[in-house]
2 protein chains.
Amino acid sequence: MAKPNSPITEHLAYLLAQANREINRQLELRLSKEGVPVEQWRILKVLSDGNGHSMGELADAVLLNHPTLTKMIDRMVSDTLVYRVQDPNDRRKVLMFISDRGKVLSRKLNSLAVDQEEHILESYGDKSTSELKRLLESLIDSSN
Amino acid sequence: MAKPNSPITEHLAYLLAQANREINRQLELRLSKEGVPVEQWRILKVLSDGNGHSMGELADAVLLNHPTLTKMIDRMVSDTLVYRVQDPNDRRKVLMFISDRGKVLSRKLNSLAVDQEEHILESYGDKSTSELKRLLESLIDSSN
DNA sequence: TTGAAAATATTGAATATTCAAGAATTGAAG
DNA sequence: CTTCAATTCTTGAATATTCAATATTTTCAA
């Protein structure tokens, strides 16, 4: 008899993909109330520290590659949620800033995202959630 | 003083996305040795139980939506890795089967995927890995 | 048994993402 | 200095994904 292969559901890569897909779907659903994709929430959240962030830095932070980010930022500039400023210290760089309109939207989105986190805390539990976060952080660390 | 918002890196949704992206990137890298995207590995793995699986069932299992799966299967049929059979019991359905060529490839891919899991076990630890898997499974459960 | 609603899969058009190449600027070695 | 390599961002073409509509088959109520 040949040994049966372990099912795909036992692979860490698969479990991560599945969990990510599900949580992302839920978040998407909430943010759709404001007609905004998850990536734009991330961008606004990162920029809402009020500082300028270069495109490269942003791309890393929001988990998008450069061309995709450029095109998404183009849309957000059209919607006057963010704006570009050439970095005076290094003119290869572009610094992104959040606009007032962006700040207003960002607050609304944050509250929707917080709703979701609270919903997860309820159904999944306080302890499991913080333990899961801890493990994910350390997995990410150990991968660099 | 306004209370600063929690950074995005504290959101479960973000940590999941980040971890998933990283692990997926590593897996992608290994599978690229055989020139196969992660989704095809998943498809072959699910089908390698030798049974027929309908498109809907497959789409759920491999985390793709229907049209995307249809088009990916089209490619895999061209590559003679899988084939379609109309379900005799319900002719709305199409049953997917893995071919012999698909089985050979699937074995190679599995060994690459297992390599990765072992690499994670080494750098991240046995205990953390199994604990993380457990928590992910229960998060997925609690989301349904 | 018929006809309307539901389920399943695919298609084509609209969008979005990615890859490879390009433009601009900086860094740094000779 | 000058020039060549590296860095940063954007663009355009090639691919891939998604949404909405369609075709087919089944289910089930009247």
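This structure is a prediction, so every number in the text was calculated from the model and none was measured. All values below were derived from every heavy atom in this structure, side-chain atoms included, with hydrogens, water molecules and symmetry-related copies excluded.
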Open item on the list: My understanding is that only residues two or more places apart in sequence, or in another chain, count here; which of them pass side-chain contact (heavy atoms from CB on, under 4.5 Å) with B/Ser130?
Closed with: none
Task: side-chain hydrogen bond (donor to acceptor under 3.5 Å, both in side chains) partners for B/Asn24, two or more places apart - done: none
TODO: Using the test salt bridge (charged side-chain N to carboxylate O under 4.0 Å, His left out), find all partners of A/Asp74 that sit at least two apart in sequence or belong to another chain.
DONE: A/Arg84
Task: Residues in contact with DNA chain C, drawn from residues 31-52 of chain B - heavy-atom cutoff 4.0 Å - done: none
TODO: Send over the distance from B/Ile73 CD1 to D/dA16 P, rounded to a whole Å.
DONE: 15 Å
Open item on the list: Strictly under 4.0 angstrom, non-hydrogen atoms only: write out the protein contact profile of nucleotides 7-13 of chain D, one letter per nucleotide from the 5' end, B, S or -.
Closed with: BSSBBBB
TODO: Indicate yes or no for a side-chain donor-acceptor contact from A/Lys103 to the backbone of A/Ile98 under 3.5 Å, with no hydrogens or angles considered.
DONE: no
Task: Counterpart residues, side-chain hydrogen bond (donor to acceptor under 3.5 Å, both in side chains), relative to A/Glu57 (two or more places apart) - done: A/His53
Task: Test salt bridge (charged side-chain N to carboxylate O under 4.0 Å, His left out) applied to B/Arg134 - qualifying residues, sequence neighbours left out - done: B/Glu131
TODO: Please list residues of residues 58-65 of chain A whose heavy atoms come under 4.0 Å from any atom in DNA chain C, ordered by number; otherwise none.
DONE: A/Asn65
Task: Partner set under salt bridge (charged side-chain N to carboxylate O under 4.0 Å, His left out) for B/Arg91, not counting sequence neighbours - done: none
Task: Residue pairs involving residues 70-109 of chain A (criterion ring-ring contact (aromatic ring centres under 6.0 Å, His included); sequence neighbours excluded) - done: A/Tyr83-A/Phe97
TODO: Whole angstrom is fine here: how far is it from CE in B/Met72 over to C1' in D/dT17?
DONE: 10 Å
Task: Nearest-angstrom distance from the residue atom CG of A/Asn89 to C1' of C/dG27 - done: 15 Å
Open item on the list: Restricting to salt bridge (charged side-chain N to carboxylate O under 4.0 Å, His left out), what partner residues turn up for A/Arg107, sequence neighbours left out?
Closed with: none
- [ ] Rounded to the nearest angstrom, tell me the gap between atom CZ in B/Arg91 and atom C1' in C/dA6.
- [x] 18 Å
Task: Atom-pair distance (CE on A/Met76; C1' on C/dA16), nearest Å - done: 16 Å
Show me the side-chain donor-acceptor pairs of residues 39-47 of chain A shorter than 3.5 Å, one per line, residues at least two apart or across chains.
from    : atom 1 : to       : atom 2 : distance (Å)
A/Trp41 : NE1    : A/Asn110 : OD1    : 3.2
A/Arg42 : NH1    : A/Val62  : O      : 3.1
A/Lys45 : NZ     : A/Asn110 : OD1    : 3.1
A/Lys45 : NZ     : B/Ser6   : O      : 2.9

- [ ] Would you indicate whether the side-chain heavy atoms of B/Ser54 and B/Leu95 approach each other to under 4.5 Å?
- [x] yes
- [ ] Using heavy atoms to find the nearest nucleotide of DNA chain C for A/Thr68 and A/Pro88 separately, return the residue whose nucleotide is more 5′.
- [x] A/Thr68
